[in-house]
Amino acid sequence: MEDSVLSQLSDDSLLEYIADLSQSQSQLDAADYTREQYFREKSARQQQQDRALQEENKQNGVPQIFGGCAVYINGYTKPGRLQLHETLVRHGGKFIHYLSSKRKATHIVATNMPLKKRKEFANYKVVTPEWIVESVKAGKLLPWQSFAHAWDDKQPKIAVTNCNDPNFLNNFFQNSRLHHLSNWKSNLRQNVLQLNDSFRVPKKKDSLTVFHIDFDCFFASVAALDFPNLDIDSDPIVVCHGTHNSDISSCNYAARKYGIKNGMWVSDAKGFLPQGVTLNCLPYNFEKIEAKSAEFYSILRKNDFIKFDEILPISIDESICVKISQSSETPNLRDICQNLRNEIYKSTNCTVSIGCSDTLIMSRLNLKRAKPKSSFILFHKDVDDTFLSNVKLSDIPGVGSSTISKINALNNQEPILENVLQLKKVINANKSFIGSMTATVGNKLTKKILLSLDGKDDDESLKMIYEPINFFERKSLSIDINWGIRFNSIHEVDAFIDICTKYLVEKLNELKKKTSQINLKLLKRAPNAPIEPEKYLGCGKCDSMNRNSKLGIPSNEFGFLTTEIKHNYRCVSCPPNELRGISIQFIKLVDVPSTKDDISKRFINFETFQNLPNDVKPGFVNELKKRKIQIKEPKVNKYQESFLNEIPTQLRNEIKKDLIINEKIKNSEIDRIYAKQVQRQNSLMNSKNHLLGNSNESIFESIKFQNETSFKKICSKIIAWVDFTVKDNGPHPKDLELFENYLDKLSDSNRVPLILRISKLISNELNLKSLKYSNENGFQIWEQQLIKTIIPKLMKNKHTFQTVRKLDLEFDL
DNA sequence: GGAGCCTGTGAG
DNA sequence: CATCGCTCACAGGCTCC
Ligand SMILES: Nc1ccn([C@H]2C[C@H](O)[C@@H](COP(=O)(O)OP(=O)(O)OP(=O)(O)O)O2)c(=O)n1
Ligand SMILES: [Mg+2]
Ligand SMILES: [Mg+2]
């Protein structure tokens, strides 16, 4: 192929071509080989090559995790077909070259699939390529469900409310207003960081005019556009999904007249209506909401009336716009507000209100005062008692229901404070009130409330204006699902954790960040709460439980993170059927150097490249260089690494920290099980015969004395032993003692890779059996044995182990 | 007296 | 039919040193 042709290939095709050429080079005389022959013989040759490659890898100890899997790869995939093919075969899988009869394939791998194909494959396990990639990384076969395709079909719009459905999360988020609100907000904030050069950040000495601009009953207004028979000014309108225990996202001012508020349940709202008045419940129109918001922000950026120095996004329907005052001019603020409001209405058919002032707090309070369909301007020095008497406690930002009830409690509930003027009077009349407020609602908030009585800002609020880049920078990343969570087994929970982690890791990569700390927060049904709460699929009354883990090294690896989170789940005692909510937080985000990250994803194996005919190499080198694809030596013994990586960090820390610290770690659940197990073992000690013979003829003893017993044989015995005892009461203590002796010997003789191999064996075996036996005593004992005894031996020799790994010493199989 | 963890609170 | 109860950040109390 001409070099000029090369440049027209996609990255995947190029790599595929190189790999194919490389393979053919190793087997055939390239000179006689035409392209036609290449394709004709490809299939048969590959079948044969597959078998050879697999056997070779098996001999080299590559774990055959895809044993029994017959995989067909459909269409173009990322990573490419050839790469997946090779990975699969190396790890024990069968690659189906042509799909003559679908029954032959156990799994179908695809990145994209047209609707027709999707229907055709409806009854097959259709997964994303990550299933292969991540399984290899994890060193074990991951459940295909975690990688099932979540096709975002609009067409047969079947509601997915079952949390085990691979589409559940997608579907939930598509319909969750709060998710959209959060998501839109984070996008707006990111835009600020990217387009910050359009800002002129004020200095502290500048005097400012602040415009707080916000749509009136935004979702309701947008929804009403689709219902021209309704009058947004006079008909009570709410936006919600359901008819009873459904949240009201937004209600118009005609509905607010009766006491209805955003966030209320529909059933409560209906209770407020007088006889004969009906509530108009409208569906969400998220697309239109987004479109209206885009027009809104675009007018703020460019209009004929004012050029803002900062446009600070507060939410999808709200922005704080800052203008640095020029001593030379005195703009007509009333006209500016009016013109902006008109312009936005012309463009969106929805009204905004504007609060304008020289401080943030006053512009916010003015906004509230202006609503709906109006603007209000008052500078902080002009605040008087009349104004304060129209401000409610809840209008002060940072003051919510909890704070209000605390303040009212301080005032012995009499009178219940209706407005801020009343609060001011109480404070003036009672010298100790500020002190007790500080004690109950906190120092900062008390100061903030006092400042707001004078229309002045606290420093924290001003950071948005003076340090916008810092203010808008993301400090954490998390996902919360507290609706629709109904699981029956830990495996279902695991699969869902996979889906959540995948969601987060995707975002993490977009942000080019890693996380160094993760937190798992669960909602568990409160003991007195009914199994099913009032709200359909809601979480009801719950107790929340947390588990935090600091990672030794910051990570963005799916396999590592999801393992850590699953481990965390096992550390808090919440049976799957009691689980009502899950949130996963990545806290302490750190930057990942972007160039290194990009390149590491794009490489071609050194061996593959070496195999190419010498005369074509230079052409490829140029092409690869141009595309920044590296030629890289594959990692040796990759599975050792991935196994180590997946030992939960908490465990690693535990091992590292030593015995004293061990006592402080509050993994009471594990310790409880462990204690129980020790007790049980003691009682077993003198009873039943154990499986591996008495100490004189144990398999472990025999290898110690006679080197002829092969490690392979021992492995198979161990598997049989685990297999036999996992479904029952667990291994006999005597056997365990022998086994531990053996491990210690291996450890002492620096044969750490063998311990690793055994750990892996057992871990794999437990994985296999987990579906059936995870609730059995034997299973749990084995799990504990692995965690508390075997892996620590491995870690004890971490140094040796790493050295061994570096030198790439062979296992003595 | 500060670093870091945990929990409560509020916002849209 | 129900229904789509998210996600971020700060403050303050606590423990540990
Ligand atoms: N508990 C809440 C609060 C808000 N929102 C959504 C719907 C709102 O329309 C939008 C904007 O929030 P606002 O606080 O600005 O409320 P509105 O725009 O509805 O009313 P207004 O701004 O006129 O008070 O966010 C929501 O879904 N649930
Ligand atoms: Mg609004
Ligand atoms: Mg708003």
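In what follows, chains carry the letters A, B, and so on, assigned in the order in which the sequence lines appear, proteins first and then strands, with residues in each chain numbered from 1.
Residues satisfying the side-chain contact (heavy atoms from CB on, under 4.5 Å) criterion with Leu453(A), sequence neighbours excluded, are Val420(A), Lys424(A), Ile427(A), Leu450(A). Under the rule for a ring pair (Phe, Tyr, Trp, His ring centres under 6.0 Å), the partners of Phe308(A) that lie at least two apart in sequence or sit in another chain are Phe211(A). The side chain to side chain donor-acceptor pair (under 3.5 Å) check on Asp494(A) picks up Arg570(A), with sequence neighbours excluded. Leu522(A) is linked by a side-chain contact (heavy atoms from CB on, under 4.5 Å) to Leu520(A), Met545(A), Tyr569(A), Val572(A), Cys574(A), Leu579(A), Ile582(A), counting only residues two or more places apart in sequence or in another chain. For Arg189(A), the side-chain contact (heavy atoms from CB on, under 4.5 Å) partners are Lys185(A), Phe471(A), Phe472(A), not counting sequence neighbours. Partners of Glu295(A) by side-chain contact (heavy atoms from CB on, under 4.5 Å), not counting sequence neighbours, listed by chain and number: Ser347(A), Thr348(A).
Taken residue by residue, residues 366-374 of chain A places no heavy atom nearer than 4.0 Å to DNA chain C. Residues from residues 399-406 of chain A lying near DNA chain B, meaning a heavy-atom separation below 4.0 Å, are Val399(A), Gly400(A), Ser401(A), Ser402(A), Thr403(A), Lys406(A) in numerical order. DNA chain B is contacted by no residue of residues 218-227 of chain A, taking any non-hydrogen atom closer than 4.0 Å.
A distance of 11.0 Å separates CD of Glu492(A) from CD1 of Ile485(A), quoted to the nearest 0.5 Å. Note that CZ of Phe586(A) is 5.0 Å distant from CD1 of Ile565(A), once rounded to the nearest 0.5 Å.
The closest side-chain heavy-atom distance from Lys368(A) to Lys392(A) is below 4.5 Å.
Comparing dA2(C), dC6(B), dG12(B) by their closest approach to the side chain of Asn548(A) singles out dC6(B). Closest to the side chain of His241(A), from the set dG12(B), dA2(C), dC4(C), is dC4(C). Residue His179(A) places its side chain closer to dC6(C) than to any other of dG12(B), dC8(C), dC6(C). For Ser182(A), the side-chain atoms get nearest to dG12(B) when compared with the rest of dG12(B), dT3(C), dA9(C). Here dC5(B) is the nucleotide among dC5(B), dC8(C), dG12(B) with the atom lying nearest to any side-chain atom of Lys588(A).
Asn183(A) comes within 4.0 angstrom of no nucleic acid atom, judged by non-hydrogen atoms across all strands. Residue Tyr284(A) is out of contact with every strand shown, counting any heavy-atom pair closer than 4.0 Å. Residue contacts for His244(A): at a heavy-atom cut-off of 4.0 Å it reaches the sugar-phosphate backbone alone, with no base atom in range. Across all strands shown, Glu532(A) has no heavy atoms under 4.0 Å from either base or sugar-phosphate atoms. Across all strands, Ser246(A) comes closer than 4.0 Å only to sugar-phosphate atoms, never to a base (heavy-atom distances).
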message: Walk along nucleotides 10-15 of chain C from 5' to 3' and tag each nucleotide B, S or - by protein heavy-atom contact under 4.0 Å, base first, then sugar-phosphate.
response: SSS---
query: Based on Watson-Crick and G-U pairs with both distances under 3.5 Å, what dot-bracket line describes DNA chain C 5' to 3', crossing pairs as [ ] and inter-strand pairs as |?
result: .....||||||||||||
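Salt bridge Lys371(A)/Asp214(A): present, at least one basic N to carboxylate O contact under 4.0 Å. Using a cutoff of 4.0 Å between basic side-chain nitrogens and carboxylate oxygens, Asp498(A) and Lys566(A) are scored as salt-bridged. Salt bridge status for Lys288(A) with Asp226(A): present, with a side-chain N to carboxylate O gap under 4.0 Å.
The cationic group of Lys204(A) lies under 6.0 Å from the six-membered ring centre of Tyr466(A) and within 45° of the ring axis, placing it in a cation-pi geometry.
The side-chain hydrogen bond (donor to acceptor under 3.5 Å, both in side chains) analysis of residues 262-272 of chain A, with sequence neighbours excluded, yields the pairs Asp247(A)-Trp265(A).
Within 6.0 Å of atom CD in Glu506(A), 12 or fewer heavy atoms from other residues, nucleotides or ligands are found, so the atom counts as exposed in its surroundings.
By the criterion of a centre-to-centre distance under 5.5 Å and near-parallel planes under 30°, the ring of Tyr536(A) forms a stack with the base of dA2(C).
Not one N or O on the side chain of His180(A) forms a donor-acceptor pair closer than 3.5 Å with the backbone of Glu290(A).
Look at Arg189(A) and you won't find any side-chain N or O under 4.0 angstrom from OP1 or OP2 of dC8(C).
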